[in-house]
Each structure stands twice: as C-alpha cells, then as structure tokens.
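Since the structure comes first, as structure tokens, the remarks are kept for the end.
The first residue in the sequence is number 1, and the count goes up from there. Atoms within a ligand are numbered from 1 in the order they appear, just like the ligands themselves. Model, not experiment: these values are computed from the prediction.
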Amino acid sequence: MKISIIGAGNVGGLTAMRVAQDGLGDVFLIDIAPGLAQGKSLDMEDARSLLKINYNVTGSASIKDTEKSDIIVVTAGLARKPGMTREDLANKNALILKDICLTLRELAGDAIVIIVTNPLDLMTYFALKKTSFEPSRLFGMGVSLDTSRFANLIAKELKISPVDVEAYVIGIHGEGMLPLTRLCTINGVALDEFMQEDRVRDLAKRTVNRGAEIVSLLGSGSAYFAPSAAIAALVKAIAKDEKRTIPVSACLNGQYGLKDVCLGVPARIGSTGIEEILELDLNKEEKEILARSAETLRAQYKNITA
Ligand code: NAI
Ligand code: 2OP
C-alpha cells in the first residue's frame with residue numbers, strides 16, 4: 001500500500017507516525033514548506049530501531065510524489081487561531097486544496113482520499129467537485145473525532161472506560177454538529193440509565209466546544225493527537241478492508257432526505273472507501289437540524305471564491 005499524507009504539520013506529521021507504526025503501508029509525507037516533510041520523516045526513521053518496527057516513511061516537498069497512491073490524506077492548510085471558527089478558513093484553504101485536487105486527479109485517480117482540512121464538510125464537497133472522484137472514494141474526517149471526544153467526556157463523568165461508551169455525533173464538523181444523546185449507550189445500556197438529562201446535555205455542549213477549548217489553551221494551532229488517531233483509524237479500515245462503521249463526511253444522495261451535500265453520517269468503510277452510508281432512525285427534530293445544516297453549508301459554499 002502506498003499511503004500519501006499531504007501536509008506535514010501537526011496533524012499530518014503525527015498521522016504519518018501512527019500509520020507507519022501501525023504497519024499499514026509505505027508512507028509518503030509531503031509538504032510545500034521546504035525540508036519540513038523530509039526532516040520529520042528522517043526523525044521518524046530514526047525511531048525504527050528503538051521501536052523494533054521496520055516501516056518506510058519518505059518525506060518530500062513535491063506533490064508529484066503522491067503518484068499512484070492507494071490512500072491519500074489531505075491535511076494541508078491553515079489551522080484556526082483562538083477566536084476563529086473553522087469556517088473563517090474556507091477561502092484560503094480552498095485555494096490550497098484547488099491545486100492539490102487538480103494534481104490528484106491527474107496522478108492518483110484511483111486513490112481513496114480522506115480530506116481533513118477545515119472547514120471540513122465544505123472542503124470535502126469542494127474537493128469532490130474539483131477532482132470529480134466518486135463520492136465513495138473521497139470523504140472527510142471530522143465527526144469520528146467529535147464522537148471520540150463525546151465518548152471521552154461521558155467516560156470521564158461516569159469514571160468508566162471510554163472503550164465501553166458508544167457515542168454518536170453526526171452532522172457538521174463545526175458549531176452545528178449534532179450529538180445524538182438519545183442513541184448513546186454504555187455496553188448497550190441507554191445513557192439515561194446512568195446520567196440525568198441535563199448532565200448529558202452539558203457534555204454534548206462541551207463536545208461541540210471541545211475543538212475551540214483546545215485551540216484557546218494551545219494559543220497557537222489546533223488539536224492533533226486525537227485528530228491523527230481518527231485519521232489512522234480510517235486509513236486502517238481502508239487498508240485492512242475492515243468494513244467498520246465509522247462516521248465520515250460523505251456526499252449524501254438521498255440519505256436522510258438530503259442530496260448533493262457533504263455531512264457527517266455513519267458509513268461502512270472498507271477497501272473501496274465508503275461501502276454504504278447508514279441511515280440512523282432520526283426523530284423529527286434531529287432531521288430538521290440536519291436539513292438546516294445542509295442549508296447552512298450550501299449558503300457557505302456559495303461564498304467560496306477559489
Ligand atoms: P499545521 O499548520 O500544523 O500544518 C499544515 C501544513 O500544511 C503546513 O505544514 C503547511 O506548510 C502545509 N501546506 C500548506 N499548503 C500546502 C500545499 N499546497 N501542499 C502541501 N502542504 C501544504 O496545521 P494542522 O494542525 O496540521 O492542521 C491542518 C488542517 O487540518 C487545518 O485546516 C486544520 O483546521 C485541520 N484539522 C481538521 C481536523 C478535522 O477533524 N477535520 C482536526 C484537526 C485539524
Ligand atoms: C478540531 O475539531 C481543528 O477541527 C479541528 O479540533
């Protein structure tokens with residue numbers, strides 16, 4: 001497997017390390033900043049004898065090195081600063097993505113592409129339009145990170161292992177995300193058996209704000225430990241044809257009553273990318289929130305000038 005990661009910043013660098021250490025394939029780390037990807041890949045190589053793992057990581061400043069990749073992760077672009085929303089990054093990151101997409105279409109037309117650059121759902125849709133890739137082969141990572149954050153907060157509150165929590169977050173990877181509190185379970189038992197409704201609502205709110213909370217604590221840059229873990233899980237599901245259900249930003253085609261918009265929904269992920277988008281049994285209020293999110297994204301997309 002050839003796995004290319006475009007953008008060797010905080011998220012891309014750590015993703016390269018996780019994917020290499022998991023033995024998922026030969027990793028190509030690419031960044032426009034001279035020396036950055038090469039420097040990080042040499043550093044990662046130097047760890048091989050300590051870790052007793054023989055992985056291959058190649059650093060490059062040329063996007064042409066993505067040629068004939070099986071999987072491509074796009075993390076190139078600006079990260080938000082304190083006080084910024086993800087949407088504030090739209091135009092600048094669209095410009096960066098535009099050139100990358102044209103190259104990918106030319107050199108790696110058979111790859112499965114995971115978009116990470118924010119604002120995630122808008123950039124995923126933008127990349128689909130620019131590459132003309134099949135929607136099953138190009139999708140975004142966002143709500144699996146939010147789901148993991150929600151599970152973590154629930155586990156901490158109940159003083160249990162996060163492994164036993166099944167959380168659900170769908171919709172926009174942004175302020176409009178939809179934590180599905182009524183579907184969350186602990187080892188199959190509904191969350192409301194363990195926690196008062198107002199506590200659950202509070203944790204859902206903290207999940208929505210978690211990215212901003214981390215941005216404001218870091219002072220510069222945004223989260224990368226959990227994001228890179230979420231990306232590595234998707235790469236593994238594809239590389240190992242795991243057929244795992246993982247929420248991703250997918251281009252809907254009638255599911256949830258919506259079409260031609262990228263939104264976070266659970267999907268079965270395997271070697272061909274999205275094998276199926278799963279439709280949760282949403283209530284009227286939840287469906288309305290998703291429909292409003294789709295409208296918001298469509299309006300925001302119209303403002304992208306790249
Ligand atoms: P960073 O600033 O550490 O790294 C971004 C890298 O992209 C820089 O090294 C830069 O040189 C590189 N880059 C810019 N233009 C490029 C091009 N044309 N070709 C190759 N490389 C290029 O930022 P970080 O923290 O790694 O975040 C990257 C992006 O991922 C941001 O847009 C951020 O908002 C987003 N993000 C999304 C998450 C999600 O859940 N979807 C989670 C975390 C970050
Ligand atoms: C996050 O949620 C920056 O989108 C990224 O942390």
Q: Under 4.0 Å, heavy atoms only, figure out whether ligand 2 is touched by the backbone of M141, its side chain, both or neither.
A: neither

Q) How does A230 reach ligand 1, if at all, at less than 4.0 Å between non-hydrogen atoms: by side chain, backbone, both, or neither? A) neither

(Q) I'd like to know whether C262 forms a side chain to side chain contact (heavy atoms under 4.5 Å, CB included) with L128, so could you lay out the CA-CA distance, the side-chain angles of the two residues, the decisive distance to 0.1 Å, and finally the verdict. (A) CA-CA 9 Å; C262 289; L128 264 181; 3.9 Å; yes

Q | Contacting atoms of ligand 1, where contact means under 4.0 angstrom from a heavy atom of L120 | A | 41 (N)

**Q.** Per-atom contacts of ligand 2 with S222, taking only distances under 4.0 Å to non-hydrogen atoms
**A.** 3 (C)

(Q) Please work out, at 4.0 Å between heavy atoms, whether the side chain, the backbone, both, or neither of A76 comes within that distance of ligand 1. (A) both

Q. Of the backbone atoms (N, CA, C, O) and the side-chain heavy atoms from C-beta on, which set of L145 has a member under 4.0 Å from an atom of ligand 1: side chain, backbone, both, or neither?
A. side chain

Q. Looking at ligand 2, does any of its N/O atoms fall within less than 3.5 Å of an N/O of H173?
A. yes

Q) Heavy atom under 4.0 Å from ligand 1: found in H173's side chain, backbone, both, or neither? A) side chain

Q.
With a cutoff of 4.0 Å, is G221 in contact with ligand 1, counting heavy atoms of the residue only?
A. no

Q. Just which atoms of ligand 1 are under 4.0 Å from any heavy atom in N93?
A. 32 (O)

Q. Think K2 forms a cation-pi with F28, using NZ or CZ under 6.0 Å from the six-ring centre and within 45 degrees of its axis?
A. yes

Q: Taking all non-hydrogen atoms of both residues into account, name the closest pair between D88 and M84 and its distance.
A: OD2-CA, 3.5 Å

Q: Please confirm whether R86 comes within less than 3.5 Å of ligand 2 when only nitrogen or oxygen atoms on both sides are compared.
A: yes

Q) Which of the numbered atoms in ligand 2 are below 4.0 angstrom from a heavy atom of A223? A) 6 (O)

Q | Contact partition for N118 relative to ligand 2, non-hydrogen atoms under 4.0 Å | A | side chain

Q) With backbone taken as N, CA, C and O and side chain as the heavy atoms from C-beta onward, which portion of I6 lies under 4.0 Å from ligand 1: side chain, backbone, both, or neither? A) side chain

Q | Protein contact to atom 3 (O) of ligand 1 [nearest heavy atom, distance to 0.1 Å] | A | N10 N, 2.9 Å

Q) Among all protein non-hydrogen atoms, which one is nearest to atom 21 (N) of ligand 1, and what is the separation to 0.1 Å? A) I32 N, 3.4 Å

Q: Provide, to 0.1 Å, the distance between atom 9 (O) of ligand 1 and the closest protein heavy atom, together with that atom's residue and name.
A: D31 OD2, 2.7 Å

Q) Do any N/O atoms on N118 end up under 3.5 angstrom from N/O atoms on ligand 1? A) yes

Q. Using heavy atoms and a threshold below 4.0 Å, how should the contact between L78 and ligand 1 be classified: side chain, backbone, both, or neither?
A. backbone

Q) Numbering the atoms of ligand 1 from 1, which are under 4.0 Å from a heavy atom of V11? A) 24 (P), 25 (O), 26 (O), 27 (O), 43 (C), 44 (C)

Q.
As an exercise, identify every atom of ligand 1 less than 4.0 angstrom from a heavy atom of P227.
A. 42 (C), 43 (C)

Q) Nearest protein heavy atom to atom 5 (C) of ligand 1, by residue and atom, and its distance? A) G77 O, 3.2 Å

